[in-house]
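The next block holds one structure in the form of structure tokens; read it before the comments.
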Amino acid sequence: MKKILYLLLSIISIECIAQSQTEKTSIYVKDGVEIIISKQDCIDKQKGIEKQLLVIELINQNEYPVLLTFKKELWYDNICNSCNSESHEHIVTQNIDANTNVSGGCSSSNKSLNVFVKMLNLKDVRQLTNYEFKDIKIEKAK
């Protein structure tokens, strides 16, 4: 009985540790829209992928759909790789239905809501050192 109780407590404590690693941080709130950031480890041993992402969650608390746009400025190893770029790769344009949210993640098809942070299984590769979201615009969607 003690072994089972110990096993259950171990599993619960591991779950608590895993949840604390995905702490969410609100970085923008305006006009009923919130942008939340969290880090997520994406591990697929079969494909040899072990990376960390910054996951962007967009929340629309309005009674109407909105169109949200912003530019991601990303610094890797203290060099801004996207600051002077006009590439659509760094622009997020997202329709968000009323009272809903959308987000990226390891298995999300919406790659624009992910930011690569670092490889977890490789050393001496570039890492995200800073990020900013610029030119944030919120409009009622048509």
Note, [X] side chain near [Y] side chain (heavy atom, < 4.5 Å):
X: Lys24; Y: Ile37; answer: no
X: Phe133; Y: Lys72; answer: yes
X: Trp75; Y: Ser82; answer: no
X: Val66; Y: Glu139; answer: no
X: Ile136; Y: Thr69; answer: no
X: Tyr131; Y: Ile27; answer: yes
X: Val102; Y: Leu113; answer: yes
X: Tyr28; Y: Ile138; answer: yes

**Request:** Scan side-chain atoms only and decide if Gln94 and Asn110 contain a donor-acceptor pair under the 3.5 Å cut-off.
**Result:**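 Yes - a donor-acceptor pair under 3.5 Å links their side chains.
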With rounding to the nearest 0.5 angstrom, report the [atom1] to [atom2] distance, [X] to [Y].
X: Lys142; Y: Asn95; atom1: NZ; atom2: CG; answer: 11.5 Å
X: Thr93; Y: Leu68; atom1: OG1; atom2: CG; answer: 8.5 Å
X: Leu122; Y: Asp124; atom1: CG; atom2: CG; answer: 9.5 Å
X: Met119; Y: Gln127; atom1: CE; atom2: CD; answer: 11.0 Å
X: Asn78; Y: Asn130; atom1: CG; atom2: CG; answer: 8.5 Å
X: Gln52; Y: Ile43; atom1: CD; atom2: CD1; answer: 9.5 Å

With hydrophobic residues grouped by side-chain heavy-atom distances under 4.5 Å, do [X] and [Y] end up in a single group?
X: Tyr64; Y: Leu58; result: yes
X: Leu67; Y: Val33; result: no
X: Ile35; Y: Phe116; result: yes
X: Val29; Y: Phe70; result: no
X: Leu53; Y: Ile36; result: no

Between the main-chain N or O of [Y] and the side-chain N or O of [X], is there a donor-acceptor pair closer than 3.5 Å?
X: Asp44; Y: Ile49; answer: no
X: Asn60; Y: Asn62; answer: yes
X: Ser103; Y: Glu57; answer: no
X: Lys71; Y: Ser85; answer: yes

**Asked** Does Lys45 come within less than 4.0 Å of Glu50, counting only side-chain N to carboxylate O?
**Response**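 Looking at Lys45 and Glu50, the cut-off is met.
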**Item:** Ile56 vs Asn114, side chain to side chain contact (heavy atoms under 4.5 Å, CB included): CA-CA, chis, key distance, verdict
**Value:** CA-CA 6 Å; Ile56 304 167; Asn114 292 332; over 6 Å; no
**Prompt:** What's the verdict on side chain to side chain contact (heavy atoms under 4.5 Å, CB included) for Val115 and Leu74, showing C-alpha distance, side-chain angles and the deciding distance?
**Reply:** CA-CA 8 Å; Val115 174; Leu74 309 173; 3.7 Å; yes
Identify the heavy atoms of [X] and [Y] that sit nearest to each other, and give their distance.
X: Arg126; Y: Asp77; answer: CA-OD2, 3.2 Å
X: Asn99; Y: Gln61; answer: OD1-O, 3.3 Å
X: Lys111; Y: Cys106; answer: NZ-O, 4.1 Å

**Asked** Counting only heavy atoms not in Asn84, do more than 12 sit closer than 6.0 Å to its CG atom?
**Response**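 Counting other residues, nucleotides and ligands, CG of Asn84 stays at 12 neighbours or fewer.
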